[in-house]
Structures are given as C-alpha cells and as structure tokens.
2 protein chains.
Amino acid sequence: MSAATRERIIEAGSALFRRQGYAGTGLKAIAAESGAPIGSIYHFFPGGKDALSDAVIRAAGRAYGALIPLFFDGAPDVTQATRNAFSGAAQTLRASGYADACPIAAVALEVASTNETLREATAAVFGHWVDLLAERYAAAGLDAEAAHDLAMAFVVNLEGAFMLARAQRDARIVERAGEMVAGAVQAALVSFQTRAA
Amino acid sequence: MSAATRERIIEAGSALFRRQGYAGTGLKAIAAESGAPIGSIYHFFPGGKDALSDAVIRAAGRAYGALIPLFFDGAPDVTQATRNAFSGAAQTLRASGYADACPIAAVALEVASTNETLREATAAVFGHWVDLLAERYAAAGLDAEAAHDLAMAFVVNLEGAFMLARAQRDARIVERAGEMVAGAVQAALVSFQTRAA
DNA sequence: GTCTATATCTCGATAGAC
DNA sequence: GTCTATCGAGATATAGAC
C-alpha cells in the first residue's frame with residue numbers, strides 16, 4: 001500500500017523531528033523508523049528532505065489542530081477547557097519521559113533564519129492553531145481582538161512552557177502556564193460581562 | 001592572546017547556535033566565524049563540541065542574566081520593568097531581521113532528549129534567569145511563591161513569544177506577551193496590597 | 001513502487017609540523 | 001598556541017535493478 005508508506009514516513013519524521021530537531025534527524029533515520037527504504041522517501045517526496053519536512057510540519061499542524069475540539073467540545077466552559085488542555089499536555093509530557101511536546105517547535109526555531117520555505121510552513125501551522133483557538137474564545141462571547149490575543153497567549157505559553165519543562169524535567173511548569181492562561185481567559189470573560197451589563 | 005581567542009570562539013558559537021541550532025552548526029563554521037582554526041577549538045575545548053557547547057550555553061546564561069539589572073534598576077516599578085524588557089527584546093528581534101532572540105532556545109529543544117550534559121546546562125540557565133527575576137519581584141513586595149511563578153511566566157512567555165514571532169516575522173507578538181506578563185505582575189501586586197491592608 | 005548501491009559532501013575528531 | 005591535512009562516519013541525493 002503506497003499511501004500507508006507515505007503516511008508512515010511522515011509519522012516517523014514527526015516523531016524524530018520533535019525529539020531531535022530538523023538538522024539532527026537524517027533521512028536514513030526516518031527511513032529506518034518508518035520501515036521504508038531511502039528510495040521510497042524520494043519516491044513520495046521528490047523534493048527531498050525539504051519536501052518531506054514541509055509535509056511533516058503541515059501534517060503535525062492538522063493533527064494537533066484536531067485535538068482542540070477534544071478539549072473544548074466536552075468542557076463546561078472555555079476557561080476549564082484551557083486548563084484541561086494544558087493539564088493534558090503536561091500528562092503526555094510526563095508519560096513520554098519529557099520527549100513528546102510540540103512536534104514542530106524545535107524545527108521552527110532551527111528554520112526561522114535558515115530555510116524560508118519551512119519557516120513559512122511553521123508560521124502557517126502556528127497561525128492555524130491560533131485561529132482555531134480564537135474561534136473558541138469568540139464563541140464564548142469575547143470580541144475578535146480579545147479572542148485572538150488569548151489564543152496567541154495560549155500557544156505562546158504552551159510552547160514556552162514545553163521548552164522549560166523539557167529542559168528542567170518538570171511538567172508542573174506546563175500546568176502553571178495553563179493556570180495563567182486560564183486566569184486571563186476568565187478575567188476577559190468577566191470584563192466582557194461587566195461591560196455588557 | 002589566548003583568552004581572546006577562547007572568547008571569540010564562544011561568541012561565534014553563540015551567534016551561530018541561536019540562528020541555526022546545535023546540530024545545524026558545525027565546528028568548521030564556528031572556526032570560520034571566529035577567525036580561529038579548527039585546532040584552536042580543540043586546544044581550548046579538549047572535550048570537543050560538547051565541551052564548547054556547554055561553555056556557550058553557560059556564557060549566554062551569564063550574559064543575558066546581566067541584562068536584567070539594565071531593565072529593572074532604572075524602571076519606576078517592576079511592572080514597567082517587565083514591559084520594557086519585552087519591548088526591548090521585540091526591538092532587538094526586529095533590528096536583527098528576526099534572528100537575534102534567545103541564544104539557547106533552539107539548542108535547549110534539540111538536546112532535551114538527546115544530550116543529558118547539555119540538557120542540564122540549559123536547565124541551569126533557565127533556572128538562573130528565573131531566580132534573578134524572582135528576586136526582583138520579591139523585592140517589590142511579593143511573597144516567594146508568587147514571585148517565582150511570575151518569574152517563570154516571564155521566561156515562558158518570552159521564549160514562546162520568540163518562537164512565534166520568529167516564525168511569523170511579527171515582533172508585536174513579543175510585545176503582546178509582555179503586556180500579559182506585566183498585567184499578571186500588576187494584578188499580583190494589587191492583590192498583595194489588598195491582603196496586607 | 002520497492003529496494004540497494006553508491007557518488008559526493010560535510011561532519012566531529014585527531015596527528016603532527018611549526 | 002597556531003594551523004593544516006586527513007581519517008572514518010554519516011549526511012543528502014541519485015542511478016538503476018527488480
């Protein structure tokens with residue numbers, strides 16, 4: 001099955017990029033991890049490492065964007081959903097031995113000044129996540145600007161907390177960052193209701 | 001002058017690490033950037049790339065820690081100092097074409113799961129920054145736990161904002177993150193004064 | 001589509017002249 | 001202390017059999 005091989009290559013690339021970064025991950029390692037030979041990588045991605053990396057970044061963007069409904073659809077309100085999302089991320093981090101955090105964070109910092117194509121891919125993914133979150137905050141009654149700022153704060157805090165938590169091996173950093181974002185969300189909601197009243 | 005050569009090597013490593021990361025930066029590139037031959041790197045750092053990288057990380061920790069008094073000593077209060085620090089970072093980011101952000105961020109994400117020695121070095125640097133900032137917030141009257149949490153939020157937001165700002169080429173993200181942290185600092189100060197009264 | 005072999009390059013590291 | 005030459009390993013990429 002060719003489609004399955006292509007997906008397995010992307011999945012392997014995603015797993016290795018999040019732990020070793022872009023430059024630290026060779027195509028041979030991705031081939032070994034996916035079980036496919038090197039030739040298959042160039043068959044599915046004629047553009048080589050850049051084309052594969054672009055596909056990995058965008059796939060990770062879709063996959064993690066799909067997690068947002070999981071936390072927001074079931075929660076009683078967006079404040080609790082925000083808190084739960086950070087708690088879930090902290091739990092995943094702990095369970096994986098501080099390896100599984102953001103799939104594109106290391107790559108984003110590596111390519112920001114060295115690879116314009118991939119930089120744009122990471123920018124699009126961050127923008128996608130912010131848009132999805134902003135929709136949720138707007139649906140809770142906040143105006144567009146406040147919703148966007150909180151969505152940006154969500155991603156900023158998650159990424160920054162992932163960095164410190166992985167370095168210091170302390171997942172509570174992610175939980176504390178979640179408290180701060182949730183507090184800002186709550187404060188914005190209260191401020192909006194006060195203004196409306 | 002041998003000491004000057006050693007420092008030039010560290011300075012070159014710092015400049016390249018922040019733009020290309022750890023795995024993306026070769027010792028030959030550091031040698032070329034510093035003007036020293038490869039042999040000199042192994043003369044001053046017999047431990048090779050790891051020993052040099054450790055020195056680069058710790059030097060960056062000291063250098064950026066030394067920036068904190070610059071913002072906090074002259075400011076009217078810690079809230080304004082916090083805001084100014086983020087504004088200054090945003091300005092540096094813009095002026096450097098979105099290249100000069102945190103000197104150890106990319107390295108930290110790369111080594112967190114791949115190099116225990118360097119992971120500990122980055123953890124120590126983050127901890128050092130948090131400690132220095134917590135001292136400032138504590139000196140403004142906050143209790144130790146609140147001061148520490150705000151200091152952590154400072155570094156978390158700065159690192160996360162750097163990541164998104166570099167990817168999307170928008171330094172306002174750093175400024176907005178500064179507003180959020182400064183707001184949390186202000187709220188904590190007000191809350192403390194209310195409790196004390 | 002799958003897989004191997006290989007060309008070319010650059011890596012970290014070392015040896016040794018000066 | 002400075003500098004060059006070089007080693008073996010691993011990188012990306014390609015050619016071509018099956």
Side-chain angles (χ1 to χ4, degrees), chain A residues 1-57 106-107 109-111 113-119 121, chain B residues 1-57 106-107 109-111 113-119 121:
Chain A
M1 258 188 295
S2 66
T5 299
R6 199 189 123 102
E7 274 189 29
R8 274 188 358 249
I9 291 170
I10 289 178
E11 188 55 41
S14 179
L16 293 175
F17 278 174
R18 93 183 63 175
R19 288 162 211 225
Q20 309 174 337
Y22 171 77
T25 301
L27 294 185
K28 284 180 185 173
I30 295 176
E33 174 90 4
S34 70
I38 289 267
S40 290
I41 293 182
Y42 283 92
H43 171 73
F44 289 108
F45 304 99
K49 190 177 187 179
D50 269 24
L52 165 58
S53 303
D54 191 85
V56 168
I57 291 166
V107 178
L109 288 181
E110 287 182 87
V111 304
S113 299
T114 61
N115 187 317
E116 186 62 10
T117 304
L118 296 183
R119 195 220 94 214
Chain B
M1 255 189 295
S2 66
T5 298
R6 200 190 122 101
E7 274 190 28
R8 271 183 6 247
I9 291 170
I10 289 178
E11 187 56 40
S14 178
L16 293 175
F17 279 173
R18 91 183 65 176
R19 287 161 212 222
Q20 308 175 338
Y22 171 77
T25 301
L27 293 184
K28 284 178 186 173
I30 295 176
E33 175 90 4
S34 71
I38 289 266
S40 290
I41 292 182
Y42 282 92
H43 172 73
F44 289 108
F45 305 97
K49 191 178 187 179
D50 269 23
L52 166 58
S53 303
D54 192 86
V56 168
I57 291 166
V107 178
L109 289 181
E110 287 181 88
V111 304
S113 300
T114 60
N115 187 317
E116 187 62 11
T117 304
L118 296 183
R119 195 220 88 202

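Across every non-hydrogen atom of B:Ala121 and B:Asp54, the tightest pair is CB-OD1, 3.5 Å. In terms of heavy atoms, A:Glu33 sits closest to A:Ala12 at CG-CB, 3.5 Å.
Looking at residues 45-57 of chain A, you'll see A:Gly48, A:Lys49 sit with a heavy atom under 4.0 Å from some atom of DNA chain D. Contact check of residues 16-31 of chain B against DNA chain C (heavy atom, cut-off under 4.0 Å) returns B:Thr25, B:Gly26, B:Leu27, B:Lys28.
Rounded to whole Å, atom P of C:dC3 lies 10 Å from atom CD1 of A:Ile9. When rounded to the nearest whole Å, the span between CD1 of B:Ile41 and P of C:dG12 equals 9 Å. Between the CD1 atom of A:Ile38 and the C1' atom of D:dG16 there is a distance of 16 Å, rounded to whole Å.
With C:dG12, C:dT2, D:dT14 as the candidates, the nucleotide lying closest to the side chain of A:Tyr42 is D:dT14. Considering only the side chain of B:Pro37, D:dT2 comes nearest among D:dT2, D:dA13, C:dT4.
At least one side-chain heavy atom of B:Ile10 sits less than 4.5 Å from a side-chain heavy atom of B:Arg6. Using a 4.5 Å heavy-atom threshold, the side chains of A:Leu52 and A:Tyr42 count as separate.
For C:dG1, neither phosphate oxygen OP1 nor OP2 lies less than 4.0 angstrom from any side-chain nitrogen or oxygen of A:Thr5. Put simply, B:Ser40 has no side-chain N or O that comes within less than 4.0 Å of OP1 or OP2 on D:dG1.
Note on A:Glu11 versus A:Arg8: no salt bridge recorded, every NZ/NE/NH1/NH2 to OD/OE distance being 4.0 Å or above.
Looking only at distances, a side-chain donor or acceptor of B:Thr25 sits under 3.5 Å from a matching main-chain atom of B:Gly21.
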As a quick check of understanding, evaluate side chain to side chain contact (heavy atoms under 4.5 Å, CB included) for A:Leu16 and A:Tyr22, giving each step before the final call. CA-CA 8 Å; A:Leu16 293 175; A:Tyr22 171 77; over 6 Å; no
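Note: B:Ile9 CD1 to B:Ser14 OG = 13.5 Å, rounded to the nearest 0.5 Å.
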